[in-house]
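Worksheet for the structure shown next.
Every chain is numbered from 1, with letters handed out A, B, ... down the list of sequences. What you see below is based on every heavy atom in this structure, not just the backbone, and it leaves out hydrogens, waters and symmetry mates.
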2 protein chains.
Amino acid sequence: MSTNFDIAQLRSSCATCSLRELCLPVGLNDQEVHLLGEVVSHKRKIRRGGYLYHTSTKFQTLYAIKSGFFKTCILEEDGRQQVTGFHMTGELLGLDAISGDLHTCDAIALENSEVCEIPFAKLEEISRTIPSLMRHFHRIMSREIVRDHSIMLLLGSMKAEERLASFLLNMSRRFAIRGYSETSFILRMTREEIGSYLGLKLETVSRAFSKLQHETLITVNNKHIQILDLDRLKLKMGNTSCLT
Amino acid sequence: MSTNFDIAQLRSSCATCSLRELCLPVGLNDQEVHLLGEVVSHKRKIRRGGYLYHTSTKFQTLYAIKSGFFKTCILEEDGRQQVTGFHMTGELLGLDAISGDLHTCDAIALENSEVCEIPFAKLEEISRTIPSLMRHFHRIMSREIVRDHSIMLLLGSMKAEERLASFLLNMSRRFAIRGYSETSFILRMTREEIGSYLGLKLETVSRAFSKLQHETLITVNNKHIQILDLDRLKLKMGNTSCLT
DNA sequence: ACCGGTTTTTGATTTAGATCAATTAAACAA
DNA sequence: TTGTTTAATTGATCTAAATCAAAAACCGGT
């Protein structure tokens with residue numbers, strides 16, 4: 001909450017956690033880090049199952065995930081929900097709210113999590129004086145668009161097993177980027193949520209997991225996944241360059 | 001090509017064509033319009049079937065479509081292509097290239113078209129001095145993300161007829177925004193391209209068209225579509241708030 | 001450690017849409 | 001105009017994934 005903070009601490013937090021997305025690759029000087037610190041200093045904790053934000057929420061805030069795991073989803077009027085993304089430690093959340101004054105989806109914590117709130121207006125303001133920050137922010141937005149296009153490719157033309165392989169490889173890569181193991185990780189979401197994201201029913205997801213396990217490509221222990229053969233898994237997903 | 005231009009002309013072109021997306025809603029003063037004019041003054045013509053840009057093209061340019069119709073698509077290694085979007089007069093193209101140095105898809109003209117080239121670096125530069133322009137640009141990017149999420153919803157949980165209804169209503173709305181008829185329009189793309197976009201085969205698209213026609217919701221004359229009952233078509237697509 | 005609810009797995013059956021195939025219609029060039 | 005190519009429609013069949021169903025594993029709370 002306080003705007004009083006330690007630059008060294010911010011720098012190190014940039015290097016290790018949530019703010020890396022936003023400022024690590026930019027190469028800011030001390031004064032710029034100071035400015036940015038004022039913007040990102042507000043922390044917030046969300047318990048497992050809790051909402052980070054709701055559809056139609058008005059406040060325009062971005063969130064850098066300091067620790068934890070989220071899903072974003074659209075709730076249809078008939079009750080079903082479509083998962084539009086999963087978001088892990090170090091990633092940025094809330095880009096959808098910029099288009100209008102309202103969020104267009106719900107963001108729900110899949111485990112106890114902590115985020116930094118980033119008032120978007122303030123970020124715009126200081127990024128005007130720090131071109132590299134603005135550039136970096138634009139790249140993040142564009143990357144989101146590109147990722148969504150890969151998902152469209154996946155949903156539009158891949159079959160169940162390819163989708164799951166694609167998904168696992170995407171998760172693997174994102175864990176690797178954050179410094180976690182790329183072959184052994186816990187998927188916080190349920191089979192149903194994976195299914196919703198991949199355009200499949202939960203039973204189909206489960207079957208696909210089993211199939212990949214029988215082929216000794218992965219080991220499945222409920223939510224704990226171990227990838228036994230990354231290369232062979234890549235072949236599985238077809239020759240597509242999917243899920244950026 | 002020239003940086004010498006008439007402010008009045010730019011203003012009027014803003015009001016009527018491609019640049020509306022970029023500058024119309026912003027409310028710029030004369031000096032700002034002048035600045036913007038320097039950025040968007042380079043025009044380019046593309047013939048039907050021609051490429052506006054290729055995957056892995058390096059130049060970072062945005063394109064405002066002055067007139068015409070484009071598709072963007074990802075070409076898979078096995079030859080199939082996934083259409084990721086259709087883009088009509090007045091819309092902005094090329095947002096995918098910001099994330100890296102390369103375009104991540106092809107943009108192909110579906111009819112003879114004309115675009116304004118907007119060097120992205122220059123746009124960033126001048127938007128630093130025009131906050132409302134920057135804000136507006138961010139909204140455009142965010143809207144793209146939100147739209148992609150609607151498509152994910154469509155691909156993930158709608159059935160063939162709902163998808164087509166959703167698609168037609170989206171087209172209708174976009175035509176309406178640009179000042180064309182919302183109930184009678186030409187779809188420049190083939191059934192195969194619609195199918196690729198909607199995650200369906202061309203035969204299925206054709207059948208869905210026929211079905212909607214038999215139910216007297218629309219009239220189909222090859223590429224010319226006439227919507228007979230907008231409200232009933234909206235019901236068709238399920239209670240989903242799809243395709244922003 | 002036990003209990004009640006949720007999540008996951010696996011099997012049997014059904015179905016929407018893919019695939020295969022053939023006809024008709026439109027677009028285009030000579 | 002005519003012939004040639006490409007696009008669209010419609011029908012018959014097949015299949016991947018949805019749906020229905022039931023058992024097994026896991027989780028959180030006491």
Side-chain angles (χ1 to χ4, degrees), chain A residues 47-50 71 78 80-83 108-112 154-168 186-215 218-225 236-238, chain B residues 47-49 71 78 80-83 108 110-112 154-168 186-215 218-225 236-238:
Chain A
R47 316 207 88 246
R48 187 171 125 76
K71 70 170 175 183
D78 56 15
R80 277 174 307 156
Q81 63 172 29
Q82 167 72 32
V83 173
I108 298 168
L110 296 178
E111 63 179 334
N112 294 340
L154 179 146
L155 291 171
S157 60
M158 293 173 85
K159 44 190 55 173
E161 252 180 280
E162 296 174 323
R163 292 183 197 198
L164 189 62
S166 216
F167 171 71
L168 289 175
I186 308 264
L187 292 178
R188 290 350 278 211
M189 70 293 281
T190 65
R191 300 287 188 263
E192 188 168 20
E193 286 161 340
I194 295 172
S196 173
Y197 185 60
L198 298 179
L200 301 169
K201 291 291 147 180
L202 65 101
E203 297 94 330
T204 309
V205 172
S206 180
R207 278 184 241 272
F209 267 123
S210 301
K211 189 103 183 292
L212 292 179
Q213 186 166 228
H214 285 137
E215 296 173 34
I218 61 172
T219 304
V220 184
N221 260 85
N222 208 24
K223 293 194 152 58
H224 178 247
I225 306 294
K236 258 287 151 186
M237 101 186 172
Chain B
R47 318 207 86 246
R48 187 171 124 76
K71 70 171 177 184
D78 56 17
R80 276 174 307 156
Q81 63 172 32
Q82 168 72 32
V83 173
I108 299 168
L110 296 178
E111 62 179 336
N112 295 340
L154 180 146
L155 291 172
S157 59
M158 291 171 89
K159 45 190 54 174
E161 252 180 279
E162 297 174 322
R163 292 184 198 198
L164 188 63
S166 213
F167 171 72
L168 289 175
I186 307 262
L187 293 177
R188 293 347 281 212
M189 70 294 282
T190 65
R191 299 288 187 263
E192 189 169 19
E193 285 161 341
I194 295 173
S196 173
Y197 184 60
L198 298 179
L200 302 169
K201 291 290 146 180
L202 66 100
E203 296 95 332
T204 308
V205 172
S206 182
R207 277 183 242 272
F209 266 123
S210 301
K211 189 104 184 290
L212 292 179
Q213 187 166 226
H214 284 136
E215 298 173 32
I218 60 173
T219 304
V220 185
N221 259 85
N222 208 22
K223 291 193 154 57
H224 177 246
I225 306 295
K236 258 287 152 189
M237 99 185 173

Please confirm whether the backbone N or O of [Y] pairs with a side-chain atom of [X], one donor and one acceptor, at under 3.5 Å?
X	Y	answer
R163(A)	M158(A)	yes
R188(A)	L110(A)	no
S166(B)	M237(B)	no

Rounded to whole angstrom units, what separation is found between the [atom1] atom of [X] and the [atom2] atom of [N]?
X	N	atom1	atom2	result
L202(A)	dT9(C)	CG	P	10 Å
L212(B)	dT9(D)	CG	C1'	15 Å
K223(B)	dA8(D)	NZ	C1'	9 Å
E192(B)	dT5(D)	CD	C1'	15 Å
L198(A)	dA18(D)	CG	P	11 Å
R191(A)	dA24(D)	CZ	P	19 Å
E193(B)	dT6(D)	CD	C1'	13 Å
I225(A)	dT8(C)	CD1	P	10 Å

State which residue, out of L200(B), L154(B), L187(B), fulfils the side chain to side chain contact (heavy atoms under 4.5 Å, CB included) condition with F167(B).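 Testing each of L200(B), L154(B), L187(B) against F167(B), the sole residue satisfying side chain to side chain contact (heavy atoms under 4.5 Å, CB included) is L187(B).
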With sequence neighbours left out, which residue pairs that include part of residues 198-208 of chain A fulfil the salt bridge (charged side-chain N to carboxylate O under 4.0 Å, His left out) condition?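 Pairs touching residues 198-208 of chain A that pass the test: none.
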Contact check, side chains of L212(B) and V220(B), non-hydrogen atoms, under 4.5 Å: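 Contact flag for L212(B)/V220(B) side chains = no.
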If you define the side chain from C-beta out and look only at heavy atoms, does anything of Y197(A) sit under 4.5 Å from V205(A)?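 SC-SC contact between Y197(A) and V205(A) ruled out.
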If the sugar-phosphate is the primed atoms plus P, OP1 and OP2 and the base is the rest, what is the B/S/- string for nucleotides 21-30 of chain C, using protein heavy atoms under 4.0 Å? -----SSS--
Select base, sugar-phosphate, or nothing to describe what K211(B) touches, counting heavy atoms under 4.0 Å on all strands.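 Here K211(B) touches no strand at all.
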Out of curiosity, K71(B) NZ to I108(B) CD1, how far, rounded to the nearest 0.5 Å?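 Answer rounded to 0.5 Å: 4.5 Å.
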Output the distance between atom NZ (K211(A)) and atom OG1 (T204(A)), rounded to the nearest 0.5 Å.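 Going from the NZ atom of K211(A) to the OG1 atom of T204(A) covers 12.5 Å.
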Side chain to side chain contact (heavy atoms under 4.5 Å, CB included) partners for N222(B), two or more places apart: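 N222(B): no side chain to side chain contact (heavy atoms under 4.5 Å, CB included) contacts found.
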Among all residues two or more places apart in sequence or in another chain, which pass the side chain to side chain contact (heavy atoms under 4.5 Å, CB included) test with T219(A)?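 Counting only residues at least two positions away or on another chain, T219(A) forms a side chain to side chain contact (heavy atoms under 4.5 Å, CB included) with Q213(A), N221(A), Q226(A), L228(A).
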Measure from the side-chain heavy atoms of S210(B) and tell me the nearest of dT10(C), dT10(D), dT9(C).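 In terms of side-chain proximity for S210(B), the closest of dT10(C), dT10(D), dT9(C) is dT10(D).
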Axis bend over the full length of the helix from dG5(C)-dC26(D) to dA30(C)-dT1(D), computed from five pairs that close each end, to 10 degrees: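 One end axis against the other gives 50°.
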Can you check whether S206(A) has a side-chain N or O nearer than 4.0 Å to OP1 or OP2 of dT7(C)?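 So the side-chain polar atoms of S206(A) never come under 4.0 Å of the phosphate oxygens OP1 or OP2 of dT7(C).
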Could I get a table of every N or O pair under 3.5 Å where one atom is in the protein and the other is in nucleotides 14-17 of chain D?
| residue | atom | partner | partner atom | Å |
| --- | --- | --- | --- | --- |
| dA17(D) | OP1 | A160(A) | N | 2.7 |

